Structures are given as structure tokens and as C-alpha cells.
Protein chains: 2
Amino acid sequence: MTASLLTRLRRSDEVTDSEAVRLAGAVSRMESFAPRATVCRAHVPLDVSKLLIDGFVSRQCTLLDGRRQILAIHVPGDFVDLHAFALKYLDHDVVALTTARLAVVPHEQLREITDSEPHLTRMLWFATTVDAAIHREWIASLSRSAMARVAHLFCELRARLEVVGLADRSGYALPLTQIDLADATSLTPVHVNRTLRQMREAGLLDFRAGRVEIGDLDGLIRLASFDPRYLYLDRTAR
Amino acid sequence: MTASLLTRLRRSDEVTDSEAVRLAGAVSRMESFAPRATVCRAHVPLDVSKLLIDGFVSRQCTLLDGRRQILAIHVPGDFVDLHAFALKYLDHDVVALTTARLAVVPHEQLREITDSEPHLTRMLWFATTVDAAIHREWIASLSRSAMARVAHLFCELRARLEVVGLADRSGYALPLTQIDLADATSLTPVHVNRTLRQMREAGLLDFRAGRVEIGDLDGLIRLASFDPRYLYLDRTAR
DNA sequence: CGAGGCCTTGAACCGGTTCAATCCTGGTGG
DNA sequence: CCACCAGGATTGAACCGGTTCAAGGCCTCG
């Protein structure tokens, strides 16, 4: 169950077998969600956190005028609402974008890990600070052009999915709608559509039928000015 | 030195005297910075983190076209680059917006705290997840109108400064330029200026001479649709 | 007293939005 | 088996919030 999380953590630091066992043992059960189903709601006290096994989920909030803002998109291996362990409730909703399976980890288990496994604790802390780094990159991304924003999102998802073996240089499965992309980039669906057409015509990328087909990864990276260092994928003792 | 950090942490949970002593003992020295001085630079390995004692500092990055994007504004009591303890380097620069004093905490000390003080560790972890929550709120804010964005920034700073006794309902000192506000809201200085004029004419707020004078806090909160729950200022065991 | 920042205001411009219509596709029920 | 329907994708045209460019004004500091 925790295989993809381990793959991710091991990309950034060494994880001992006993730590891996500890983590696997912390999972109490699995949960499945249909597309659009709410995984957890803002401002509701939580005593579990959830690890995404497969599918895509988003952190999102609903603005006053009813528009949905996607704050982050999570991929398999992400400990989606680990923040809730420290925060005790979330400030946003977590919603399934596709069919999704998540492993449930009671905070009681996390509490015991923090009491007895300092290194594992630092790894989990690390995972939440990477989330924060991704948020910052989104803030910077939002101040750029529509093309750059959309390209950046595709580059980021590619890099993160590659870590868990779900993407390569040529593309990846991404069963989202243009509306999802619009809500994630703060653009209108209409403009996302035009932007995708431009990218297709430029031979950069073709997003169709739930799949991202990358024509020119280097061009895409340049367009997005994507620098993956903010994902902290290099290996260092933590 | 750690008084304002303690005030902040104690707002969210109980901190024992021995924990407070441990935290105070972790500070190795003080550093002062002039306005615009760089506190730490992106992508440079770090072995200390810094706690803001007084003044304002920003997390920021420079976009390809030379524009500066402010990703966060920190107020006294904030453990500005605590993230670097987990990340080992930062993905952005930290720059003094005003004259600023910071307390330096070696990662070695933080390491020892994580090894022997689980509750204090969770408190520090908590502090970084609140930073992430603030980032998310900025993402949502950026998708709204110029008025709402600027109003939201003023509301947030007021709420955070109030915790450490540096603001009340009527206003607070904020020695930033309109250019700083522009870079923090992804607006142009020209438009920030027009927005501030509108807010002044509406009797909501007067930002002049390095001070925010609030005329109608409730109106401002409404305009910003500011909901302070994302700052996690309620007291809970963590 | 001159220079450099910052603030302020006007006018033209433009990237992205809004509104509206049409197409396409997969799923459903008769 | 096919008509129908709903949700998403696509395209055109008018519009608008915020940008850009340009010109002063004001204040502080050397």
C-alpha cells in the first residue's frame, strides 16, 4: 500500500526497512472514491490522514462567486492531507478528480511515529514542506502568461508522476477535463482550450482523451521556465 | 529573543517552560539586515534557519523577465526559513523588506530537538504547515479582483501582526512601498496605487507613510472575504 | 540645490473573459 | 438499434480589468 510513498521518500533520503515496516503498519484501512467525491471537507476536525494510492485528487476551495479554485493536484504516492496531522483540520476541501484509492493513517499512529522515530518524522515533515514549495511555485506561476501557466502545470505533473513510474519523456495519463485545468490555473475553460490548441499547433504537447502526449519536452520546459529543483528530488540525508 | 515565536506557538498549543528554554537555547547568534539585503539565497545549502525578531522580510523569486514575485511576507515571530531544516536548501530567496533582526538557529540544534522533544518538534512542524496554508490562501486570492487581493493582504497581515501585539483593529505599522504590495499581489504598482485610492475613498483603509490606518475593518474583511481560520490561531493540543 | 525613489494620474492598449452558438461523444432508455 | 441527452470541447465576437507608456509631483538625502 505504501509502495509509491516509499519510492518517493527514498528518492529524497534513505529509508530503513524497519521504518518502511512502521509506515506500512500505520495504515488502518483503504478507501475508494468516485470522481467528484469529497475525500475530506474544510474545517472539519480530522483524526486520520490519507495517502493517495491511485487516481488523482485535488485540494480545492469554492470562492464566493461559486468558482472552484484548485490549490494543488495530488498524484499517487502523495500523503495528501498529512498537513492535517499538525493542523487538526484543513482549510480546504480534498476532492477526487478521478476514481481514487487512498490508504487511511490514523493520527494516533503518526503521533507514535513522532514519539519514537525521529528520522521518519523528519521525512514526513519534509514531505509537507515540499507541498509548501509546490504551492510557492504555483503562486509564481500564476503571475505569468496563460501559455506558461498551463505548460508549467504539465511539466510539474510529468516530473512528479515520473518519480512513481507513471510518466516518461513522451507523456502520461491524465484523465482530467479542460475545466479541471482551468480551475487549477485560474483561467477560463475557453482560454485553456485556446491555449491547448496553440500548444498542439506548436508541436509542444497534445492533451486529448485523458492523456498528455508530449511532442517537445525541452520546448515545453523552456516555455514554462520549469526548474524542478523546487520538487527536491535529489538525495540528501534529512 | 524567542519571545514572539513563543507567543505565536502558545496561541496554538501549550508550550512548557522547559520547551521554551530549549528553544531559546537553540539560538546561536543574532543577525541584522538593511532593507533589500538578502537573508538567504535560493539553491544554496543551508545549515541554519532564522527566526524573525523584528522588521519584515519576504520570500521572493525573480522571474525570467526580471520581475520580482513576493511569495510570502513574514512578520516578527515567524520562523522564516524553518523549511530549510527539512529541505536543506531553499527554492526562493529571503530578502529584508525593512531593517530586520533575525535569530540564527543551527540545524544541529533543530536536529537534537527532533531527536528528543517530540512535542516541540510537532509544534515546529505545525508552524511550517501554517506557512503552507498561507501559501494556499494566496493562490486563491490571486484568482480574485485587484481590490479583493489587496484587501486580503492587509487583512492577513493585520491578523498575524495582532497575534504578536503589533496591530489592533485600527491599524498597524507596515513600512513597505506600493511596489512591494504590487509584487506581493501580482499587480502593477500603477494599479496598486489606483486600488489604494479607491479603498481610501471608500473609507475602508488608508495606507500612507508606512502605516495602515483601517477605517472599516468589517468592510475590509467582507471585501477580502477574509476567513482567518486558515491561520490556525485556535488553541488545540498538537 | 540636484538626484533618485516613490507616488500619482491620464490615455491607449491588450490578454484573457464573457456570452453565445455549435459540435462531439459516451451513456441511457425506449 | 437508435433517438436522445448531458457534459465536455471548440470557435467566434464583443467586452473589460488591469497593463503599459508617459509625464509630473513630492519628499528625502547627499
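To find a chain, count down the sequence lines: A is the first, B the second, and so on, and within it residues start at 1. From a predicted model like this one, the values you see are computed outputs, not experimental measurements.
A salt bridge does not link R59(A) to D81(A): none of the charged nitrogens lies less than 4.0 Å from a carboxylate oxygen. Salt-bridge annotation for R67(B) and D183(B): absent, with no side-chain N of the basic residue lying under 4.0 Å from a carboxylate O of the acidic one. Ion pairing of R8(A) with D78(A) is present here, as a side-chain N (NZ or NE/NH1/NH2) and a carboxylate O approach within less than 4.0 Å.
For the pair L181(B) CG and dT8(C) C1', the interatomic distance rounds to 15 Å; values are reported in whole Å. dG17(D) atom C1' lies 6 Å from atom NE2 of H191(B), rounded to whole Å. Rounding to whole angstrom units, CZ of residue R208(A) and C1' of dC24(C) are separated by 13 Å. Here the P atom of nucleotide dT18(C) and the CG atom of L187(A) are 11 Å apart, to the nearest Å. Regarding L176(A), its CG atom lies at a distance of 18 Å from the P atom of dG7(D), rounded to whole Å. Whole-Å rounding puts the L142(A) CG to dG18(D) C1' distance at 16 Å. The CG atom of L63(B) sits 14 Å away from the P atom of dT19(D) (whole-angstrom rounding). Between L196(B) atom CG and dC6(C) atom P the separation is 15 Å, expressed in whole Å.
Between S143(A) and L63(B) the shortest side-chain heavy-atom distance falls below 4.5 Å.
Taking the six-membered ring for Trp and thresholds of 30 and 60 degrees, F207(B) and F154(B) have ring planes inclined between 30 and 60 degrees apart.
Of the side-chain N and O atoms in Q178(B), one or more sit less than 4.0 angstrom from OP1 or OP2 of dT8(C). Taking 4.0 angstrom as the limit, R194(B) places none of its side-chain polar atoms (N or O) nearer than this to OP1 or OP2 of dG18(D). Note on N193(B): a side-chain N or O is less than 4.0 Å away from OP1 or OP2 of dT8(C).
Looking at heavy-atom distances under 4.0 Å, T195(A) makes no contact with the nucleic acid at all. Among the heavy atoms of the strands lying under 4.0 Å from R36(B) are primed sugar atoms or P, OP1, OP2 only; no base atom is included. Residue contacts shown for T185(A) are absent, as no nucleic acid heavy atom lies under 4.0 Å away.
The nucleotide whose nearest atom lies closest to any side-chain atom of I179(A) is, among dG16(C), dT20(D), dA9(D), dA9(D). Proximity note for T177(A) (side chain, C-beta onward) versus dT17(C), dA9(D), dT9(C): the nearest is dA9(D). Distance from the side chain of R197(B) is smallest to dT9(C) among dT9(C), dT17(C), dG18(D). Closest contact between the side chain of V190(A) and the listed nucleotides dA9(D), dG12(D), dT19(D) involves dG12(D). Of the candidates dC7(C), dT10(D), dG8(D), the closest approach to any side-chain atom of R200(A) belongs to dT10(D).
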